[in-house]
Amino acid sequence: MPHPKVVIAGAGPAGLIAAEVLARGGAEVVVHERMPSPARRLLMAGRGGLNLTHSEPLTDLRAPQALRDWAEGLGQETFVGSSGRVFPRALKASPLVRAWLVRLAAVGVEIRLRSTWTGWDAQGRPLFQQGDGDPVAHPADALLLALGGASWPRLGADGGWTDILSAAGAPPAPLQPANCGFVADFRPDFARRFAGTPLKAAALRHDDRQVRGEILLTTQGLEGGAVYALSAPIRETLAATGEAWTFIDLRPDRLAADLAARLARQDRKASLSNRLRKALSLSPAAIALLREAGPVPLEPLALAERVKSVPVRLIATAGLERAISTAGGVRFDDLDAGLQLRARPGTWVAGEMLDWEAPTGGYLLQAVFATGVHAARNILAGLG
Ligand SMILES: Cc1cc2nc3c(=O)[nH]c(=O)nc-3n(C[C@H](O)[C@H](O)[C@H](O)COP(=O)(O)OP(=O)(O)OC[C@H]3O[C@@H](n4cnc5c(N)ncnc54)[C@H](O)[C@@H]3O)c2cc1C
C-alpha cells in the first residue's frame, strides 16, 4: 500500500512535531511555510531562555516529561529552573531547532518555504501560493493546519486564516492578545521618562489575585511576567467595563506595619523621596509611580499602605503586535476529539490557532506540542 500523503500548513512547533510523528508513522509529509525560514516564533521564544514546559505533573495529554525526553533526544539537556519552569541548558532555541530540522529531513519530511496556504479548490484540495504566483492545488490524504495565532505577526503567524475558516463554516472565536501588556492612563512625561524600567521584586493585584514577578513600565503602560499572568482577567474586566484597576505592591516581602515602623524612624525633615529610598529601598521609578498615583499620604502607616497598594488604572490592551500569545481561535465545538474540522473532514488543526489560552511558564509550548502530537496520531489512525 502506498504511503498516505499528509500536507501540513505552518512550520512552527505544532506543525513540525506533527510532521515528525506522521513521518515516523509511515506518512509522506510535506510542510508548507509562508516565511523564508521555519519556526521563527519558537526562535524568538528562545531569546527569553525558551521556557519549554513546566515540571508540575499535568494530565497525560500534556505530559511534560515526554517533552523533556524529546528535547534531550535532540541533544538539548533540560533543567528545572525557578518556580518549576523547564529550560534547555543552552537557554535558547537555535541549537534545538537546528538539530530538529536535521532529524526531520532524516525521517523524510520535506519543508517548502515561502509557500502560503490560501484555502481549498472546488474539489476540496488544499491550495498553496508560492511567492506571487497563482495558488496551486496540492492533493493530500490529510491536511493539518498549524498556522499559529496572530501575536508578533511579523514572525509569520498573522491570523490570516480566520476568514478562510469562517467561509468554510468554522468561524473562529475572535483572536485577542494573551500574555500581553496594557495601556495605563499615565501622564506622558512619566511614561516617557520611565519606559523600559522594571519595578523589581514587586507584585501586581487585580480583583482577588496577586502575582509576584516582573512589572515593566513601558511607553504605554505595563508589561512583564506579573502582568502577563493576570492578563486574561484584566482583559475580561476591560471588555466588560472599559477600565481595569490594578494595584502594585512595591514591597510584597514586608507587612505594612513593618514598612510604617521603618518610615517612622526616618528624619521628618528629609524629603519624601529620601525617606522612601532610605527606609524602603524604593527605586526612583517606584517613587515616581507612587506620585503618579495621586497625592501621597505622609503619615507613616498610610504611606506604607499606599506603597503596598499603588493604584494603576488600565484602559486598553497593548495589542497583538507584542503579545506573547493569542486567545481565541478555532472552537473546540467545531472539531472532533481528534482535532479534525467537522465542517471539513480530512482537515485537522493544532497549536495556538485553537481556542485556548494559557499563562507563560512553559504551558504554551507544552500545549502546542501536545496538540500537534494528538492531531498527528489521529491522522495516522484515520488513514489506517
Ligand atoms: C517573544 C515570545 C516569547 C515566547 N516565549 C515562550 C516561552 O518561553 N515558552 C512558551 O511556552 N511559549 C513562548 N512563546 C509562545 C510560543 O512561541 C507559541 O505559543 C508557539 O510558537 C505557537 O506555536 P504554533 O506552532 O502553534 O504557531 P507558530 O509558532 O506561530 O507557527 C505557525 C507558523 O505558521 C506559519 N503560517 C501562518 N500562516 C500561514 C499560511 N497561510 N501558510 C503557511 N504558513 C503559515 C507562520 O509563518 C508560522 O511559522 C513566546 C512567544 C513570543 C512571541
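Scope of the values below: all heavy atoms of this structure, side chains included, with no hydrogens, waters or symmetry mates. Just so you know, residue 1 is the first one in the sequence shown, and it goes up from there. Whatever order the structure lists ligands and atoms in, that order sets their numbers, starting from 1.
Within 6.0 Å of atom CZ in Arg114, 12 or fewer heavy atoms from other residues, nucleotides or ligands are found, so the atom counts as exposed in its surroundings. The number of heavy-atom neighbours closer than 6.0 Å to CZ of Arg322, taken from other residues, nucleotides and ligands shown, is 12 or below.
Rounded to the nearest 0.5 angstrom, Leu263 CG and Leu301 CG are separated by 9.5 Å.
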Please tabulate, one line per pair, the protein N or O atoms found under 3.5 Å from any N or O atom of ligand 1, giving the distance to one decimal.
{"unit_1": "ligand 1", "atom_1": "8 (O)", "unit_2": "Asn51", "atom_2": "N", "d": "3.1"}
{"unit_1": "ligand 1", "atom_1": "9 (N)", "unit_2": "Asn51", "atom_2": "O", "d": "2.8"}
{"unit_1": "ligand 1", "atom_1": "11 (O)", "unit_2": "Asn51", "atom_2": "O", "d": "3.4"}
{"unit_1": "ligand 1", "atom_1": "11 (O)", "unit_2": "Leu365", "atom_2": "N", "d": "2.7"}
{"unit_1": "ligand 1", "atom_1": "19 (O)", "unit_2": "Glu352", "atom_2": "OE1", "d": "2.5"}
{"unit_1": "ligand 1", "atom_1": "25 (O)", "unit_2": "Pro13", "atom_2": "N", "d": "3.3"}
{"unit_1": "ligand 1", "atom_1": "25 (O)", "unit_2": "Ala14", "atom_2": "N", "d": "3.0"}
{"unit_1": "ligand 1", "atom_1": "26 (O)", "unit_2": "Glu352", "atom_2": "N", "d": "2.8"}
{"unit_1": "ligand 1", "atom_1": "30 (O)", "unit_2": "Arg41", "atom_2": "NE", "d": "2.9"}
{"unit_1": "ligand 1", "atom_1": "30 (O)", "unit_2": "Arg41", "atom_2": "NH2", "d": "3.1"}
{"unit_1": "ligand 1", "atom_1": "41 (N)", "unit_2": "Trp117", "atom_2": "O", "d": "3.2"}
{"unit_1": "ligand 1", "atom_1": "42 (N)", "unit_2": "Trp117", "atom_2": "N", "d": "2.9"}
{"unit_1": "ligand 1", "atom_1": "44 (N)", "unit_2": "Arg34", "atom_2": "N", "d": "3.2"}
{"unit_1": "ligand 1", "atom_1": "47 (O)", "unit_2": "Glu33", "atom_2": "OE2", "d": "2.6"}
{"unit_1": "ligand 1", "atom_1": "49 (O)", "unit_2": "Glu33", "atom_2": "OE1", "d": "2.7"}
{"unit_1": "ligand 1", "atom_1": "49 (O)", "unit_2": "Glu33", "atom_2": "OE2", "d": "3.2"}

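Geometric assessment of Arg125 against the ring of Trp120 yields a negative cation-pi assignment under the 6.0 Å and 45° thresholds.
Here the options are Val296, Leu276, Ile248, the test is side-chain contact (heavy atoms from CB on, under 4.5 Å), and the partner is Val307; only Leu276 passes.
Using modelled atom types, one finds a donor on one side chain and an acceptor on the other under 3.5 Å when comparing Thr78 with Arg68.
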